[in-house]
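For reference, the structure discussed in these notes is given below.
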Amino acid sequence: MMISYPERPLSLLFRRTASPSNVRLGERIDIALPKLNPETGQPLALLPCPFSTVLFGEECDLRRDQTGSVLLAGTQYIVKPGDGAILVMMLVRRRADFSHQAFRDRWLNGHARFGLQTAASGYRQLHSGEEPAPDGFDGAGLVFFRDLDHVANARAAPEIAREATRDEMQFIDHSRSMLAMFRFD
């Protein structure tokens with residue numbers, strides 16, 4: 001069943017260092033966020049996040065400053081409206097057996113329902129505007145929380161995360177994806 005979610009343009013610029021900008025600046029928080037294989041209970045192999053900041057901007061062009069940075073721009077689908085000072089983000093790459101379009105359809109029309117079930121303040125999906133380069137990302141899952149206590153409390157009820165991860169394993173290549181947490185002032 002196809003569900004329609006509100007859409008807005010979004011650009012994320014990941015940098016190794018902070019830079020002044022008129023967009024929302026998030027600083028990475030280095031707290032372990034293991035994503036566990038629901039079958040084995042072992043942590044999934046995710047890429048480490050080399051970026052210390054993320055610039056988050058709707059309706060803006062972050063392409064002007066890409067030196068030493070990674071830009072992900074496209075359409076964000078607002079699955080669960082809400083925001084927060086903490087952003088847990090997973091930059092995702094599709095499994096090799098999925099086309100970019102098949103991945104997008106599966107993620108939005110199959111997996112998004114898990115975002116509605118979370119205790120998070122908000123859940124969005126950012127879908128890349130075009131087919132990514134071989135080292136690019138297909139999108140980003142954006143999960144917002146009020147504060148670090150909210151993150152801890154939400155992670156204390158792992159049932160939804162376990163089922164969501166089981167579902168992700170069907171279309172996301174975790175070994176080529178990365179998970180990080182950022183704090184916005």
Side-chain angles (χ1 to χ4, degrees), residues 3-8 10 12 14 23-58 72 74-94 103-104 106-127 137-185:
I3 299 173
S4 178
Y5 299 106
E7 302 175 26
R8 290 199 304 249
L10 178 67
L12 300 172
F14 299 90
V23 296
R24 206 169 166 195
L25 173 65
E27 298 284 339
R28 190 180 73 220
I29 303 171
D30 289 323
I31 296 175
L33 291 169
K35 200 165 202 30
L36 303 178
N37 181 320
E39 307 306 325
T40 66
Q42 297 299 309
L44 292 171
L46 291 159
L47 297 173
C49 180
F51 307 109
S52 61
T53 63
V54 61
L55 301 177
F56 188 102
E58 295 180 4
L72 181 59
T75 302
Q76 71 172 309
Y77 295 90
I78 304 164
V79 176
K80 182 177 183 176
D83 205 346
I86 304 295
L87 170 63
V88 175
M89 179 184 330
M90 186 168 171
L91 289 165
V92 295
R93 291 183 171 120
R94 69 186 184 270
F103 168 82
R104 289 170 53 112
R106 174 65 177 80
W107 190 23
L108 187 61
N109 297 312
H111 186 74
R113 64 186 168 87
F114 290 103
L116 293 170
Q117 299 171 13
T118 69
S121 298
Y123 172 70
R124 306 174 195 179
Q125 292 180 358
L126 170 59
H127 292 244
F137 292 96
D138 290 280
L142 311 167
V143 187
F144 292 90
F145 296 91
R146 290 182 305 275
D147 51 36
L148 288 174
D149 287 340
H150 188 196
V151 174
N153 291 336
R155 292 181 67 83
E159 302 79 24
I160 294 169
R162 190 171 29 253
E163 291 307 311
T165 302
R166 183 177 283 122
D167 186 64
E168 286 174 2
M169 293 174 77
Q170 296 177 28
F171 64 98
I172 290 176
D173 182 348
H174 286 89
S175 70
R176 296 182 346 105
S177 299
M178 82 180 52
L179 185 65
M181 185 174 2
F182 295 88
R183 179 191 328 259
F184 295 99
D185 292 326

Taking side chain as C-beta onward, heavy atoms only, is Arg106 less than 4.5 Å from Ile172? no
Which pairs of donor and acceptor atoms, one on a side chain in residues 139-149, lie under 3.5 Å apart (sequence neighbours left out)?
residue	atom	partner	partner atom	Å
Asp147	OD1	Asp149	N	3.2
Asp147	OD1	His150	N	2.8

Backbone N/O of Leu179 and side chain of Lys35: donor-acceptor pair under 3.5 Å: no
Atom pair CD (Glu168) and NE2 (His111), whose distance is rounded to the nearest 0.5 Å: 4.0 Å
Over all heavy atoms of both residues, which pair between Pro81 and Val79 is shortest? Give the atoms and the distance, please. CD-O, 3.8 Å
Closest non-hydrogen atoms of Ser177 and Met90, given as atom of the first, atom of the second and distance, are CB-CE, 3.9 Å
Side chain proximity check, Glu163 to Gln117, heavy atoms < 4.5 angstrom: no
Assess Arg28 against Phe182: is NZ or CZ under 6.0 Å from the centre of the six-membered ring, and within 45 degrees of the ring's axis? no
Could you walk me through whether Met181 and Ile86 pass the side-chain contact (heavy atoms from CB on, under 4.5 Å) check? CA-CA 7 Å; Met181 185 174 2; Ile86 304 295; 3.5 Å; yes
For the atom pair CZ (Phe137) and CG (Leu91), what is the distance rounded to the nearest 0.5 Å? 4.5 Å
Please name all residues satisfying ring pair (Phe, Tyr, Trp, His ring centres under 6.0 Å) with Phe103, sequence neighbours left out, ordered by chain then number. Trp107, Phe171
Between atom CZ of Arg94 and atom CZ of Arg104, what is the distance when rounded to the nearest 0.5 Å? 11.0 Å
From the list Gln125, Arg124, His127, side chain to side chain donor-acceptor pair (under 3.5 Å) partner of Gln76 resolves to Arg124
Check residues 36-47 and write down every donor-acceptor pair under 3.5 Å in which the side-chain atom is one partner and the other belongs to a residue at least two apart or another chain.
residue	atom	partner	partner atom	Å
Asn37	OD1	Glu39	N	2.7
Asn37	OD1	Thr40	N	3.4
Glu39	OE2	Arg166	NE	2.8
Glu39	OE2	Arg166	NH2	3.1
Thr40	OG1	Gln42	N	3.2

